[in-house]
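Following: one structure in structure tokens, then a few remarks.
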Amino acid sequence: MTPWKADEREQPVMSEHSGHGVDGTQSGHDVDGTQNGHGEHGETGTAGRPAASAAAGHTDAAGEGRTDPATEAFVAHRNLLFTVAYEMLGSAADAEDVLQETWLRWSGVDLQTVRDRRAYLVRVTTRQALGRLRTLGRRKESYVGAWLPEPLLTAPDVAEDVELADSVSMAMMLVLETLAPTERAVFVLREVFEFGYDEIADAVGKSQAAVRQTAHRARAHVAARRPRGAVSPTETRHAFSAFRRAVATGDVQGLLDVLAPDVVLVGDGGGIKQAVLRPVTGAEKVARLMLRGLVKQEAAVSLEPAQVNGYPALVLHLDGELDTVLAMRFDDGLITGLYAVRNPEKLSHMSRETALRR
């Protein structure tokens, strides 16, 4: 298994956070772990190992089959690194690319120069994600229709971690989309992963004073746009069950009872699948549009519940093929947001659970 791939299984997390700066390096080594004139991608590190030598598992010099220390450290923190990258990008595919880039740099580092491996890896991941976030922004400008984050099939333990579930929910991911790249990085590292301002400053290349200001601005921005009130798991389950029952039975009134008056439906087909090009607002419009769409289907339709980004969602199959993931936002016991992802390029992470960690 390639070490940068996000794992669907739980990985043990090594406790190495020692309170040093986020890179945790001694003097003379940059964030990419390069030294003595080697390239930034770490093609040959101090030990002379190839950048991706651990792709198939690396053994020690004695050939006893023990995992290379660099691989052990990376795998131990991989789920954390994936979560950081995903929350910054909203794209699992891009997050995996960031992890690969992080591995290429990490594999060339002399580990004896790294005081805090967790902090170092998070710093590299953050910088790689920031660069990709700006590229992703340009891609979104030419995207057909609305752009929604890539949905992730998540394990029950994600929902049990209320703060983690909130941070990766479709609703919060859309709020994060409204932040500038550096604001998003600062908010994610500070509010979700609780890194210190000094560590974040190292990761984003800003002074601590600038990071504090950015964090304050980002918090205020998010607070004005996040879900209006706390919703208990029981309320969420009740609203979801009522919605699922109403959709399955074609009950318009049942839908109106669970949809907030100002509910918004957003669709993402990416120009590949048909979807609403603009958000649809209003309970009656949304209810009738959804039911009409299901009635028109000539294929065999199945609606199955799933945990998506930490919250209940519906997964629609047509003739046995995955067609749509319908994620939801809940406020005060009602559904205030519906997010229908149909772009097949965004549905690859619905075939297995993705492990997320804080």
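Predicted, not measured: the structure shown is a model, and the values here were computed from it.
- Aromatic ring pairs are classed by plane angle as parallel below 30°, tilted from 30° to 60° and perpendicular above 60°; the pair Tyr120 and Trp106 is tilted.
- In this structure, CG on Asp257 lies 7.5 Å from CG on Asp251, to the nearest 0.5 angstrom.
- Of the possible polar contacts, none joining the Arg219 side chain to the Phe187 backbone as a donor-acceptor pair under 3.5 Å is found.
- Hydrophobic clustering (side-chain heavy atoms under 4.5 Å, transitive across Ile, Leu, Val, Met, Phe, Trp, Tyr) groups Val301 together with Leu338.
- Within 6.0 Å of the CD atom in Glu345, the count of heavy atoms belonging to other residues, nucleotides or ligands does not exceed 12.
- Atom CE of Met172 is separated from atom CD of Glu177 by 12.5 Å, given to the nearest 0.5 angstrom.
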When you look at Arg139 and Asp94, which way does the side-chain contact (heavy atoms from CB on, under 4.5 Å) test go after all the steps?
-> CA-CA 12 Å; Arg139 292 211 312 257; Asp94 284 287; 2.9 Å; yes
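- Linking Ile, Leu, Val, Met, Phe, Trp and Tyr whenever their side-chain heavy atoms come within less than 4.5 Å puts Met328 and Leu289 in one cluster.
- A donor-acceptor pair is defined here as one N or O able to donate and one able to accept, closer than 3.5 Å; such a pair exists between the side chain of Ser107 and the backbone of Leu104.
- Look at Arg357 and Asp157 and you find a salt bridge, because one of the NZ, NE, NH1 or NH2 atoms lies within 4.0 Å of a carboxylate O, short of that distance.
- More than 12 heavy atoms of other residues, nucleotides or ligands sit less than 6.0 Å from atom NZ of Lys140.
- Side-chain N or O atoms of Arg123 include one that pairs as donor or acceptor with a backbone N or O of Asp202 at under 3.5 Å.
- Judged purely by atom type and a 3.5 angstrom limit, Thr83 has no side-chain atom pairing as donor or acceptor with the backbone of Arg358.
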Are Leu294 and Met290 close enough, and set up right, to give a side-chain contact (heavy atoms from CB on, under 4.5 Å), and what steps lead you there?
-> CA-CA 6 Å; Leu294 289 174; Met290 291 191 62; 5.8 Å; no
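- Scanning all heavy atoms of the two residues, the minimum distance from Ala275 to Gly267 falls at CB-C, 4.1 Å.
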Steps toward side-chain contact (heavy atoms from CB on, under 4.5 Å) verdict (Val98, Tyr86) | CA-CA 9 Å; Val98 163; Tyr86 176 74; over 6 Å; no
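- A donor-acceptor pair is defined here as one N or O able to donate and one able to accept, closer than 3.5 Å; such a pair exists between the side chain of Glu150 and the backbone of Ala92.
- The shortest side-chain heavy-atom distance between Pro156 and Glu353 falls under the 4.5 Å cut-off.
- A side-chain donor-acceptor contact under 3.5 Å links Asn309 to the backbone of Val168.
- In this structure, the side-chain contact (heavy atoms from CB on, under 4.5 Å) partners of Ala180, at least two apart in sequence or on a different chain, are Glu183.
- Environment of CZ in Arg278: sparse, with no more than 12 heavy atoms of neighbouring residues, nucleotides or ligands closer than 6.0 Å.
- Connectivity analysis of hydrophobic side chains (ILVMFWY, heavy atoms under 4.5 Å, direct or indirect) links Leu174 to Leu148, Leu153, Met170, Val264, Val266, Val308, Val315, Leu322, Val325, Tyr339, Val341, Leu347, Met350.
- Linking Ile, Leu, Val, Met, Phe, Trp and Tyr whenever their side-chain heavy atoms come within less than 4.5 Å leaves Leu334 and Phe330 in two separate clusters.
- Contact between Gly333 and Ala239 at its shortest, heavy atoms only, is O-CB, 3.6 Å.
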After noting the C-alpha distance and the side-chain angles of Leu81 and Val122, does the key distance pass the side-chain contact (heavy atoms from CB on, under 4.5 Å) rule?
-> CA-CA 6 Å; Leu81 302 178; Val122 168; 3.9 Å; yes
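- Shown here for Ala165 and Ala159, the closest heavy-atom pair between the two residues is CB-CA, 4.1 Å.
- Here the side chain of Arg184 pairs a donor or acceptor atom with the backbone of Glu87 at under 3.5 angstrom.
- Other members of the cluster containing Trp147 are Tyr143, with ILVMFWY side chains joined at under 4.5 Å, either directly or via other members.
- Counting heavy atoms from C-beta outward, Met173 and Leu176 have side chains that approach closer than 4.5 Å.
- No side-chain heavy atom of Arg288 sits less than 4.5 Å from a side-chain heavy atom of Leu255.
- Under a hydrophobic clustering in which Ile, Leu, Val, Met, Phe, Trp and Tyr are joined whenever their side-chain heavy atoms come within less than 4.5 Å, directly or via other members, Val252 and Phe243 fall into the same cluster.
- Interatomic distance, CE of Met88 versus CD of Gln128, reported as 10.5 Å (0.5 Å rounding).
- Considering CD of Glu321 and CG of Leu318, their distance stands at 9.5 Å, rounded to 0.5 Å.
- Under a 3.5 Å cut-off, the side chain of Asp323 and the backbone N or O of His317 do not form any donor-acceptor pair.
- The two atoms that bring Leu99 and Ala85 nearest to each other are CD1-CB, 4.3 Å, heavy atoms only.
- No side-chain heavy atom of Leu326 sits under 4.5 Å from any side-chain heavy atom of Leu316.
- Judged by distance alone, the side chain of Arg105 and the main-chain N or O of Glu101 form a donor-acceptor pair under 3.5 Å.
- Between the CG atom in Asp198 and the OG atom in Ser207 there is a gap of 12.0 Å [rounded to 0.5 Å].
- Using a 4.5 Å cut-off on side-chain heavy atoms (C-beta onward), Gln307 and Val158 make no contact.
- For the atom pair CZ (Phe82) and CG (Leu152), the distance works out to 5.5 Å, reported to the nearest 0.5 Å.
- Residue Lys206 qualifies as open at atom NZ: its count of foreign heavy atoms under 6.0 Å is 12 or below.
- Scanning all heavy atoms of the two residues, the minimum distance from Leu189 to Ala203 falls at CD1-CB, 4.1 Å.
- Of all heavy-atom pairs between Asp319 and Ala299, the closest is OD2-CB, 3.3 Å.
- For the pair Arg329 (side chain) and Arg226 (backbone), a donor-acceptor distance under 3.5 Å is present.
- The same ILVMFWY cluster, assembled from side-chain heavy atoms under 4.5 Å apart, contains both Leu303 and Ile335.
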